[in-house]
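Following: one structure in structure tokens, then a few remarks.
Everything numeric here is computed off the predicted structure, so don't read it as measured data. Every heavy atom of this structure was used, including side-chain atoms; hydrogens, water molecules and symmetry mates were not. If you read the sequence from its start, that first residue is 1, and numbering goes on from there.
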Amino acid sequence: MEEFAEYILNEEDLIAKEEIIYFLAPKLGINFDKATIFKTEIARMFLKYTKIRLDHNLILTACLLCNCKKVDDAQKIGKVQTYAIEGAQLLKKLGFDARFCKICEGVNRYSGNPREPESDILELTDQFGGMLIDRPERIAFNPDEAMVLLEHRNLKTEYNRYLQSFREFVEAMEKIVIHGNVDTTVFAR
């Protein structure tokens, strides 16, 4: 399976990358759903907005795969704390290098390892995007509420090097109105 890692990282087109993962997800035993695509799109827009000098292809691939062992049941707290570590172990078996696996493991802070810059982007887009989606236990938050929760609850005692840039990005996206049958903002769309 080592060729999967090389194959998916060498694919530069995000849509093609998503299609490949979609079709291989059941065979590889990875979680891949609409929420993953939504969060990856937030990451893509954030990277484009900020022009951060990191490998965008690497980050977007990590966004697509970092939740590969995530469970849908938020009540299983033990699984919530271990899915990123288990996912990184699976990605290693699929041929990804140690740094890529470390980036993906850093999507949450349960592993306790020093964080890669790319992990900070995964953390922001994963948490923010997750709050914008309806869950069985709650309705989706609006972007303003999600940003307040992200800053003042989730990351209250944590340092994320891109938090300020992400806040500016969210504020800018909320000013964009998409006109159609119903006028809406970027994240509401």
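The pair Glu105-Lys102 does not count as a salt bridge, with every side-chain nitrogen at least 4.0 angstrom from each carboxylate oxygen.
Met45 and Val177 sit in two unconnected hydrophobic clusters of ILVMFWY residues. Membership requires side-chain heavy atoms under 4.5 Å apart, directly or through other members. Phe141 and Val148 are not part of a single hydrophobic cluster, where members link through side-chain heavy atoms under 4.5 Å apart. Side-chain heavy atoms closer than 4.5 Å link hydrophobic residues (I, L, V, M, F, W, Y) into clusters, and following such links, even through other members, never connects Leu28 to Ile85. Using a 4.5 Å cut-off between side-chain heavy atoms of Ile, Leu, Val, Met, Phe, Trp and Tyr, with links allowed through other members, Leu14 and Tyr22 fall into the same hydrophobic cluster.
The CZ atom of Arg115 lies 4.0 Å from the CD atom of Glu123; values are rounded to the nearest 0.5 Å. Taking SG of Cys66 as the reference point, atom CD1 of Ile59 lies at 11.5 Å (rounded to 0.5 Å). Here Met131 contributes atom CE and Met147 contributes atom CE; the two are 8.0 Å apart, rounded to the nearest 0.5 Å. Tyr49 OH to Ser165 OG: the interatomic distance, rounded to the nearest 0.5 Å, is 8.5 Å. Note that the CZ atom of Phe38 and the OG1 atom of Thr40 stand 10.5 Å from one another [nearest 0.5 Å]. Taking CG of Leu122 as the start and CG of Leu60 as the end, the distance is 9.5 Å to the nearest 0.5 Å.
In this structure, the side chains of Gln89 and Lys69 stay at 4.5 Å or more apart for every pair of heavy atoms. Between Leu47 and Arg44, the closest side-chain pair of non-hydrogen atoms is not below 4.5 Å. A heavy-atom distance below 4.5 Å is found between the side chains of Pro143 and Phe128. Side-chain contact between Leu124 and Leu155 is present, with heavy atoms from C-beta onward closer than 4.5 Å. Leu65 places none of its side-chain heavy atoms less than 4.5 Å from the side chain of Phe32. Counting heavy atoms from C-beta on, the side chains of Phe100 and Leu58 come closer than 4.5 Å.
Residue Glu168 comes nearest to Gln164 through the heavy atom pair OE2-NE2, 2.9 Å, listed as atom of the first residue, atom of the second, then distance. Taking every heavy atom of both residues into account, Leu54 and Pro117 meet most closely at CD1-CB, 4.1 Å. Nearest approach of Asn142 to Leu132, heavy atoms of both residues: C-CD2, 4.0 Å. In this structure, Leu90 and Cys68 approach most closely via the heavy-atom pair CD2-SG, 4.1 Å.
Checking Met173, Glu174, Arg167 one by one against Glu171, the side chain to side chain contact (heavy atoms under 4.5 Å, CB included) holds for a single residue, Arg167.
Less than 6.0 angstrom separates the ring centroid of Phe169 from the ring centroid of Phe166.
Between the side chain of Asn67 and the main chain of Asn31, no donor-acceptor pair closer than 3.5 Å is present. Of the possible polar contacts, none joining the Lys92 side chain to the Ala98 backbone as a donor-acceptor pair under 3.5 Å is found. A donor-acceptor pair is defined here as one N or O able to donate and one able to accept, closer than 3.5 Å; no such pair exists between the side chain of Ser119 and the backbone of Val107. Side-chain N or O atoms of Asp120 include one that pairs as donor or acceptor with a backbone N or O of Arg161 at under 3.5 Å. At distances below 3.5 Å, at least one donor-acceptor pair connects side-chain atoms of Lys17 with backbone N or O atoms of Glu11.
Heavy-atom contacts from other residues, nucleotides or ligands closer than 6.0 Å to CZ of Arg53 number 12 or fewer.
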Given side-chain contact (heavy atoms from CB on, under 4.5 Å), test Ile8 with Leu94 step by step and report yes or no.
CA-CA 11 Å; Ile8 201 70; Leu94 294 175; over 6 Å; no
